[in-house]
Amino acid sequence: MSSPELETQIKVLDEHDMSELPSAGHMMTAVVEIPPNNPGSRPHRHSGPVYGYMLEGEMIFELEGDAPVLIRQGDTIWEPGGDRIHYQAANPGDVWARFVVVMACKPDEPMLTYVEPEELEARKHLRHPGPVVDPQEKP
């Protein structure tokens, strides 16, 4: 018999309803690496939901309508995909930021589509004014 401290353990980090998953398509798993002090990808959207886990470093994660959030090693990210804009996944730190993502991609649609400046202007009223939220900061 093995002792309890040597047993396999499962820790749930995040949960979301499966209704957001496309009915067809494919799943993609990737590691995203952002250089130090880098703004990351320009505003974009995904065809389906994206789930992520921060491996190392820090990232400012901002989705349309939500305050930007400082994500650290061990934190999770989620975005619903579809019409909602992903404004930033910036690395404010002095070390590389790395996170793994699992993306549910709709068939015959690109996994990532950049948003044109005209659309950003038309939707600017939907962007949260900030500031960056640090979940570890005490009120």
Side-chain angles (χ1 to χ4, degrees):
M1 278 181 48
S2 62
S3 63
E5 61 271 1
L6 298 178
E7 297 287 327
T8 299
Q9 298 182 20
I10 297 173
K11 178 182 176 184
V12 176
L13 301 174
D14 200 3
E15 290 186 63
H16 293 277
D17 187 72
M18 289 185 58
S19 63
E20 67 200 19
L21 293 173
S23 60
H26 67 280
M27 300 296 286
M28 179 187 300
T29 303
V31 173
V32 179
E33 301 178 317
I34 308 168
N37 301 298
N38 187 286
S41 295
R42 65 183 207 244
H44 60 275
R45 58 175 50 100
H46 297 281
S47 65
V50 177
Y51 305 89
Y53 180 80
M54 197 73 185
L55 297 170
E56 57 187 300
E58 295 181 341
M59 171 177 61
I60 297 172
F61 184 77
E62 182 187 359
L63 285 179
E64 187 173 66
D66 296 344
V69 178
L70 183 63
I71 305 294
R72 293 186 175 89
Q73 180 179 345
D75 291 340
T76 61
I77 59 171
W78 170 82
E79 58 183 288
D83 190 51
R84 206 152 164 213
I85 296 173
H86 180 176
Y87 280 100
Q88 63 175 323
N91 180 354
D94 295 328
V95 299
W96 280 80
R98 292 180 174 84
F99 59 101
V100 64
V101 290
V102 177
M103 298 170 278
C105 306
K106 288 185 177 177
D108 303 320
E109 289 187 31
M111 177 274 300
L112 183 145
T113 304
Y114 290 111
V115 180
E116 296 298 326
E118 300 80 23
E119 184 179 2
L120 289 174
E121 179 63 27
R123 294 173 69 118
K124 70 181 179 183
H125 66 285
L126 299 173
R127 190 171 186 183
H128 193 282
V132 174
V133 174
D134 183 349
Q136 293 184 7
E137 233 176 53
K138 304 286 185 223

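Below, all heavy atoms of this structure are taken into account, side chains as well, without hydrogens, waters or symmetry copies.
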> What's the shortest heavy-atom distance between Asp14 and Ile77, and which atoms?
OD2-O, 4.4 Å
> Any pair with a residue in residues 59-70 that passes salt bridge (Lys or Arg N to Asp or Glu O under 4.0 Å), sequence neighbours left out, goes on the list, sorted by first then second residue, please.
Glu62-Arg127, Glu64-Arg123, Asp66-Arg84
> Measure the spacing between CZ of Arg72 and CD of Gln136 and express it to the nearest 0.5 Å.
4.0 Å
> Under a 4.5 Å side-chain heavy-atom rule over Ile, Leu, Val, Met, Phe, Trp and Tyr, are Met54 and Val69 clustered together?
yes
> Tell me whether Met111 is reachable from Val50 by hopping between hydrophobic residues (I, L, V, M, F, W, Y) whose side-chain heavy atoms are closer than 4.5 Å.
yes
> Please report the closest heavy-atom contact between Ala89 and Ile34, naming both atoms and the distance.
O-CD1, 3.1 Å
> What are the two closest heavy atoms between Glu121 and Lys124, and how far apart are they?
OE2-NZ, 2.8 Å
> Could you report the tightest heavy-atom contact between Asn37 and Pro92, atom names first, then the distance?
OD1-O, 3.2 Å
> About how many Å separate CD1 of Ile85 and CG of Asp83, when rounded to the nearest 0.5 Å?
7.0 Å
> Are any side-chain N or O atoms of Asn91 and backbone N or O atoms of Asn38, one a donor and one an acceptor, separated by less than 3.5 Å?
no
> Can you tell me how far apart CG (Leu63) and CG (Leu126) are? Round to the nearest 0.5 Å.
12.5 Å
> Going by heavy atoms in the side chains, are Glu58 and Leu70 under 4.5 Å from each other?
yes
> Among residues two or more places apart or on two chains, list those pairs meeting salt bridge (Lys or Arg N to Asp or Glu O under 4.0 Å) that have a residue in residues 21-32.
none
> Under a single-linkage definition using a 4.5 Å side-chain heavy-atom cutoff for Ile, Leu, Val, Met, Phe, Trp and Tyr, are Leu112 and Phe99 assigned to the same hydrophobic cluster?
yes
> Looking only at heavy atoms, what is the nearest atom pair of Gly130 and Pro68, with distance?
CA-CD, 3.9 Å
> Membership question, hydrophobic clusters at under 4.5 Å side-chain separation (ILVMFWY): are Val100 and Tyr51 in the same one?
no
> Below 4.5 Å, heavy atoms only, C-beta onward: do Glu119 and Arg45 meet side chain to side chain?
yes
> Classify the ring geometry between His44 and Tyr114 as parallel (under 30°), tilted (30 to 60°) or perpendicular (over 60°).
perpendicular
> Output every pair passing side-chain hydrogen bond (donor to acceptor under 3.5 Å, both in side chains) with a member in residues 98-109, not counting sequence neighbours, ordered by first then second residue.
Glu33-Arg98
> Taking all heavy atoms of Ala24 and all of Pro107, pick out the closest pair and write down the distance.
O-CD, 3.3 Å
> Do Met28 and Val32 share a hydrophobic cluster, counting only Ile, Leu, Val, Met, Phe, Trp and Tyr and linking them when any side-chain heavy atoms are less than 4.5 Å apart?
yes
> Working to the nearest 0.5 Å, report the span between CG of Asp75 and CG of Leu13.
9.5 Å
> Between His128 and Tyr87, is any pair of side-chain heavy atoms under 4.5 Å apart?
no
